[in-house]
Amino acid sequence: MKVLIFNGSPRKGNTLTAIKAIENGIESRADAADIEVKVIETEGKNIIPCRACNACGSMSRCIFADDSPEINEAVEAADVLIFATPVYWWGVTAQLKLVIDKFYARAAKFKGGKKIGTVVIGEAELDDAEYDIIQKQFACIADYLEWEVAFAKSISANKPKDLAADEETLTELEAFGAQL
Ligand SMILES: Cc1cc2nc3c(=O)[nH]c(=O)nc-3n(C[C@H](O)[C@H](O)[C@H](O)COP(=O)(O)O)c2cc1C
């Protein structure tokens, strides 16, 4: 099984803590040796924003030279995709959105047969709107690409070390990794 994890945060904070907990869960499995885990740090990737030129329709890759073809190849090869992102202005971070927009180049090849998990982390309380907005966005993307949503977790945490002190949530994230 190939697991591809996207870290949407530019800092070493709560999203990274969540990813490490999921990885710990994966490592705890009896079949861990058969699982390949790759984390893509969206911060620092060279992704030119989609210009809607549609050249990718015939090329199956972006016409502009950036890191998106390599990322899309990893998405295509993955069995499980995990999107972990902070909330920025009621949405996913720009770094992650740039990556997702480039799925356009290979959407037909991505269809079906994958599971996804989402982790959305914001400062606001969990009854605030951003969590529903973002989880709905991921649910719509999964529906369109015929992916199964294995888990969708929203977390309220703000300072970089907040989540590290939340044992209950970390245990839940580990369980997601253990049960994928
Ligand atoms: C530019 C910016 C915009 C943000 N917008 C929101 C928001 O709309 N809602 C929210 O709950 N938190 C918002 N936050 C807070 C972050 O989501 C929160 O600090 C989160 O824990 C950051 O995750 P990280 O530690 O993995 O980077 C914002 C933070 C930044 C820097």
Side-chain angles (χ1 to χ4, degrees), residues 2-28 35-51 66-68 70-72 74-75 78 80-103 114-143 147 149-180:
K2 289 188 176 173
V3 180
L4 183 64
I5 304 176
F6 288 100
N7 182 356
S9 176
R11 69 178 188 178
K12 290 188 182 356
N14 299 305
T15 309
L16 187 62
T17 301
I19 289 170
K20 295 227 179 296
I22 293 168
E23 287 184 297
N24 287 343
I26 294 171
E27 281 161 23
S28 73
I35 302 176
E36 188 187 303
V37 181
K38 182 177 165 134
V39 180
I40 292 185
E41 301 289 342
T42 58
E43 169 72 10
K45 288 289 176 201
N46 170 31
I47 308 284
I48 296 168
C50 178
R51 302 243 165 87
D66 69 8
D67 292 334
S68 66
E70 173 194 320
I71 293 173
N72 279 349
V75 172
V80 179
L81 302 167
I82 295 174
F83 298 93
T85 184
V87 180
Y88 278 10
W89 288 97
W90 286 264
V92 304
T93 60
Q95 288 91 333
L96 180 59
K97 187 60 166 50
L98 285 172
V99 168
I100 291 172
D101 282 354
K102 292 299 184 84
F103 288 0
K114 299 186 197 298
K115 281 192 202 173
I116 73 161
T118 64
V119 181
V120 176
I121 307 178
E123 174 182 8
E125 296 296 321
L126 291 176
D127 58 1
D128 217 57
E130 48 272 79
Y131 306 102
D132 288 345
I133 291 168
I134 297 170
Q135 296 291 6
K136 180 77 180 171
Q137 181 181 17
F138 281 122
C140 289
I141 292 169
D143 188 50
W147 294 343
V149 179
F151 65 85
K153 178 69 182 163
S154 298
I155 298 166
S156 178
N158 187 29
K159 293 199 275 311
K161 291 188 175 160
D162 279 355
L163 179 58
D166 181 351
E167 288 293 336
E168 195 182 332
T169 303
L170 293 178
T171 302
E172 201 181 338
L173 291 166
E174 281 174 26
F176 288 143
Q179 288 158 21
L180 280 173

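Quick caveat: nothing in here was measured; it's all calculated off a predicted structure. Atoms within a ligand are numbered from 1 in the order they appear, just like the ligands themselves.
In terms of protein heavy-atom proximity, atom 23 (O) of ligand 1 is nearest to Pro86 CB, 3.4 Å. Closest to atom 2 (C) of ligand 1, if we only count protein heavy atoms, is Tyr88 CD1, 3.6 Å. When only non-hydrogen protein atoms are considered, atom 8 (O) of ligand 1 lies nearest to Trp90 N, 3.0 Å.
Both the backbone and the side chain of Glu123 come within 4.0 Å of ligand 1, counting heavy atoms alone. With a 4.0 Å cut-off on non-hydrogen atoms, Ala157 touches ligand 1 through its backbone and not its side chain.
With hydrogens and angles ignored, the 3.5 Å screen pairs a side-chain donor or acceptor of Asn72 with a backbone N or O of Lys102. Using modelled atom types, no side-chain atom of Asp128 and backbone atom of Glu125 make a donor-acceptor pair closer than 3.5 Å. At distances below 3.5 Å, at least one donor-acceptor pair connects side-chain atoms of Asp67 with backbone N or O atoms of Asn46.
Counted by atom type alone, Ser28 and Glu174 present zero donor-acceptor pairs between their side chains at under 3.5 Å.
In summary, the atoms of ligand 1 found under 4.0 Å from a heavy atom of Gly13, numbered by their order in the structure, are 25 (O), 26 (O). Under a 4.0 Å criterion applied to the non-hydrogen atoms of Ala124, ligand 1 contributes the atoms 10 (C), 11 (O).
One option in Thr93, Val87, Val120 has a heavy atom closer to atom 4 (C) of ligand 1 than any other, and that option is Val87.
Ring pair Phe103/Phe6 is tilted by interplanar angle, where 30° to 60° counts as tilted.
Taking any N or O of Ile121, backbone or side chain, at least one lies under 3.5 Å from an N or O belonging to ligand 1.
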